[in-house]
Structures are given as C-alpha cells and as structure tokens.
Amino acid sequence: MYSILKGKKVLLYSLGCKVNQYESDAMLEALLSAGCVRMESTHEPDDNISANDDTDTDSAARETADICIINTCSVTNMADRKSRQIIHRLRKQNPDAVVAATGCYVQIAGDSLLSDGAIDLIIGNNRKKDVVRIISEYMETGKVSDNYIDVNKDSEFENLVIDKPETHTRAYVKIQDGCNEFCSYCIIPYARGRIKSKRLIDITAEVDTLAHNGTKEIILTGINVSAYEDSCLGLVDVIKRLSKIEGIERIRLSSMDPRIITKQFLDTVSKLDNFCPHFHLSLQSACNKTLKAMNRKYTIEQYKEACEMIRSYYDRPAITTDIIVGFPGETDEDFEDTYNNLKELNLYEMHVFKYSRRKGTVADKLPGQIDEKIKTERSNKLLALTAENKAKFENTFAGETQDVLIEEIVEVKGKSFYRGHTTRYILVDIPVEKLPCKDKNDYINQIVPYTFPQ
C-alpha cells in the first residue's frame, strides 16, 4: 500500500518528555512496519535541553537519511530554540531527505515553520498516528491533505501503539493526553489540547502485546496521567487491570498530581505485588504563595499529607518531585519557605529547574522576573539538598537485597557493569563478573537480586 517507503532510511530525533519518547517510538515502529529501514534514533531528555547545547548529531546520521522526523518540545523558550537547532542541523546533514517536524513546538508555531525551507512538512500533535500516510503522500505528490489541525477542536485520543520498546528495556505506555489545568508558566494545554484518554480496552491490548514480546516493566505516562478517565473508570482501574497481565512484573507511574493520593487509591495499589513503591508527585514549589501564582490547585499542606499517607502504606517509598526556582515574584523569604518545607518532606530526589520564560503564558507577563544569578544560587542550594537526601535514602538499604531489572551494559572507567533499577527506582551498577554467563546480553531485561554494599 505504501510501496514508496520500502527501503527508505528513516532517522527520528525526539526532544522533551516521556510522552514524546513514546510517540516517537510509535511513529518509528509504524514506519518500519511500512518498509522503512531504521537509522539510529535519538531521544533527548527534557532535563538536558539547553539553549547553548551544540551537541553534534553526526553519530545519529552517519549515513544520509531519506526521511528525517524531529519530534519537538516547547516546554520553555530554550526548548523552542533547541528544536529549531535540531531541525536546521538535520536538514544540513540530510539535504535530500524529506524533513518533517512534529511535537509541541510545531503545534504552537504552525505553518510559519515552513517559510525558511528547513522542513518540508509539519505533522500536528494529533496526526502522529497518520505518519505513514502523511510521509507517503508527500513523497508521491509533494503535498498532504490533512497533516495539521487545531488540537483544541479534536476531542478524540490519538491511539498510537507500540509492540516493543525501541531503544529501552522498560516500556512507556501513553494512556492520556492534554491538560485542563492551565498553570501560569505552562504552554502545553495550547500545544496538546484538552484532556483525552485512551480506552482501557486499547491500553490492555497494547500491554498484552508488550508482555507477549518480553516487556517486564511498563510506565504509564501522559501529560496529566492523574486525570485519566474512560467513562466511569479512572487511573486506579487501569492499574488494577494491567496488574493481572501475565509477564508484567512492574507497573510504574510517571508524574502525578498529588491530589490523586487518597486512602482509596492507596488501599488498592498497595495490595498489588507488581506496583512499584515509587511516586513522582509533581510539586513545582513548596511555598503556598508561589503555588497560587503558578495556578497550582493544591497547598503545601495537602502535599505533605499525601506524602505522609504514602509512607503509612509503604516501607521507605521513593517519593520524587519537580521544583521550579526563580518563579516571577519569588522573594528570598518565599524560597526559604520552599527550602524548609522540602527539607521537612525529605524526598528521595528532586528534579530542579530554573524558571524559564515562555511566550504565550501568563507568567511571562508577571512582574518580579528573577535575575539568573539568583535562580542559579537557589537551584544550587536545592541540588545540594537533594543530593544529601538521595544518599541518605539509598544508605537505608545497606546490606539488604533488592530486585534489579537489568536494562543495559555500561562501561565505567574501563570496567563493564550491568545497569538497572530497583522497584524504588534506585539506579544500580552490578559488575559483569558478578553474574557469569555464556553471553553477557543474557541478563538484559532480566530481574536479578542485588545486595547493597554495607
């Protein structure tokens, strides 16, 4: 049906969040099924996006591609700039390729991206499932009919599917898209539209296939996964259903709104042996004044209550979060409030971000924008705190044996290690010689016991 794609070399570059990563894997899988040949694809984590990053992508494009797809990010102005950099770099490296761009930056920028000739076509955030048809149509006719529409007029969930993780052992499964919260710093509701959820029957079918193909751990992801809803079913119903699938030994959740943590929720998930005691509860600030300015709809007291409730159900659960420092109007006193509350919370790990202005958001126009030097000082203080908390948490497991899912083999200072995570998402390196076998790769995607050093 799409014979024009047969044998065409495709390179896919993905920036940003885990939702983008999942969608990139799904698009690549669809193109390979249509006859394309995979070149090395690149996922760039959202916490590595930098306006000054000039990372050389030659290793991802040793050969000239026939098709290049860039899955862009727009979480900050720097992410926009990074997306533009990658688009132009891949066009330069692959001058004869069909270059397509998709993702949140594309959704916000729209047709204006076509003006400088760096890309041939854009694929809207709600048209990724049609990537095979869109690329084929463009290669045959030089144009496409419906590759880009307003996400805010589309209420249906875009049902992408993966059969097997492309570049990682654990499988991300997107179950939800869009957001209705409109935090004052965030552009994503405009790039992703309103909340939409994947039908539970479709999620189950996808995870059934993943399990059949050997996947042992799934991570349920979305823009606001806590808002999942399929008729009268919620996130806890998804977890319960997937926990019964044979072969799925771990279920993990991506970032969650702390308001989802209730006694009813914990009563259910704490009884599931394959639900990981790892909760990434989005916070952003531990100061109520700043939370209100961010339009976050909870207080630090409610967040603390959620953490206490989790700890009452689990022994040493890993609770992690995201924090933004230097939000407009954040005074020294506000930051100290955040610091003291975070010290009291004693979280396993915090991902700390300096506030970055984003055009089109409420926060971009707020008074009291913070100097970069102050942002850096505050960021460094929280990074030191999270490093201290992380070490203390991991030290509580000294001498204990925990299960580790081996994900890859890494080289560290000339020595080979198996690398993987525990259920609490503690990263572990095991010397290869500790697990003897005929082929080192035999342990990839296997769960093995590991005793933490005393």
Side-chain angles (χ1 to χ4, degrees), residues 2 5-6 10-12 14 17-43 69 71 128-132 157-177 198-222 225 228 238-254 272-276 278 403-410 418-423 425 435 437-448:
Y2 299 108
L5 294 179
K6 189 170 184 179
V10 59
L11 184 151
L12 200 150
S14 184
C17 65
K18 297 300 187 290
V19 172
N20 259 20
Q21 183 171 316
Y22 169 88
E23 292 170 345
S24 295
D25 282 356
M27 287 190 290
L28 183 58
E29 194 169 289
L31 288 163
L32 297 182
S33 296
C36 289
V37 177
R38 179 186 183 275
M39 296 180 69
E40 185 178 347
S41 298
T42 303
H43 291 295
I69 301 175
N71 196 1
K128 293 175 181 176
K129 69 180 185 300
D130 301 318
V131 64
V132 170
F157 183 86
E158 184 186 35
N159 195 22
L160 293 161
V161 174
I162 60 170
D163 292 335
K164 191 173 183 179
E166 183 62 33
T167 58
H168 38 81
T169 302
R170 298 171 296 126
Y172 292 95
V173 178
K174 177 185 163 188
I175 65 169
Q176 180 276 337
D177 204 347
K198 189 167 186 169
R199 295 189 308 161
L200 180 53
I201 190 172
D202 294 327
I203 299 171
T204 304
E206 183 172 9
V207 176
D208 266 326
T209 301
L210 286 165
H212 178 76
N213 290 335
T215 298
K216 290 182 170 60
E217 178 176 327
I218 58 168
I219 304 98
L220 302 181
T221 191
V225 72
Y228 177 87
V238 178
I239 298 167
K240 282 166 57 179
R241 176 65 189 86
L242 300 185
S243 71
K244 298 175 183 178
I245 295 177
E246 186 177 353
I248 296 301
E249 300 190 35
R250 292 182 176 183
I251 298 173
R252 205 183 295 276
L253 301 176
S254 63
L272 305 176
D273 291 337
N274 52 4
F275 183 82
C276 294
H278 170 213
D403 286 340
V404 175
L405 175 62
I406 303 298
E407 299 161 26
E408 60 180 336
I409 298 174
V410 297
Y418 292 113
R419 175 167 290 177
H421 288 87
T422 69
T423 57
Y425 210 61
L435 299 173
C437 58
K438 291 181 180 179
D439 185 339
K440 289 191 295 186
N441 291 318
D442 287 348
Y443 279 105
I444 301 296
N445 198 35
Q446 299 303 312
I447 294 176
V448 301

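Note that the numbering runs from 1 along the sequence shown for the chain. Keep in mind it's a predicted model, so treat the numbers as computed, not measured.
Residues forming a salt bridge (Lys or Arg N to Asp or Glu O under 4.0 Å) with E206 (at least two apart in sequence, or on another chain): K198. Among residues two or more places apart in sequence or in another chain, the side chain to side chain donor-acceptor pair (under 3.5 Å) test is passed with R250 by E217. Taking D208 as the reference, nothing meets the side chain to side chain donor-acceptor pair (under 3.5 Å) condition, with sequence neighbours excluded. Remark: D163 pairs with no residue by the side chain to side chain donor-acceptor pair (under 3.5 Å) rule, at least two apart or across chains. Take Q176 and apply the side chain to side chain donor-acceptor pair (under 3.5 Å) test, not counting sequence neighbours, and it matches no residue.
Using a 4.5 Å heavy-atom cutoff, the side chains of C36 and L28 are not in contact. Between D403 and L405 the shortest side-chain heavy-atom distance does not fall below 4.5 Å.
Taking CD from E23 and OH from Y172, the interatomic distance works out to 14.0 Å, rounded to the nearest 0.5 Å. One finds the NE2 atom of H278 at 10.0 Å from the OG1 atom of T423 (value rounded to the nearest 0.5 Å). Rounded to the nearest 0.5 angstrom, L160 CG and K129 NZ are separated by 8.0 Å. Between atom OH of residue Y418 and atom CD1 of residue I444 there is a gap of 7.0 Å, rounded to the nearest 0.5 Å. Atom CG of L12 is separated from atom CD1 of I69 by 5.0 Å, given to the nearest 0.5 angstrom.
Closest of all the heavy-atom pairs between Y443 and V448 is CD2-CG1, 3.8 Å.
Side chain of Y425 to backbone of C276: no donor-acceptor contact under 3.5 angstrom is found. D25 contributes no side-chain N or O that, together with a main-chain N or O of I162, makes up a donor-acceptor pair within less than 3.5 Å. One N or O on the side chain of N71 and one on the backbone of N20 form a donor-acceptor pair closer than 3.5 Å. R38 places no side-chain N or O within donor-acceptor distance of the main-chain N or O of E29, the cut-off being under 3.5 Å. Here the side chain of E158 pairs a donor or acceptor atom with the backbone of K128 at under 3.5 angstrom.
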Distance-only donor-acceptor pairs under 3.5 Å for side chains of residues 238-247, two or more places apart:
{"residue": "S243", "atom": "OG", "partner": "K240", "partner atom": "O", "Å": "2.7"}

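Exactly one of H421, E407, Q446 qualifies for a side chain to side chain contact (heavy atoms under 4.5 Å, CB included) with T169. That residue is E407.
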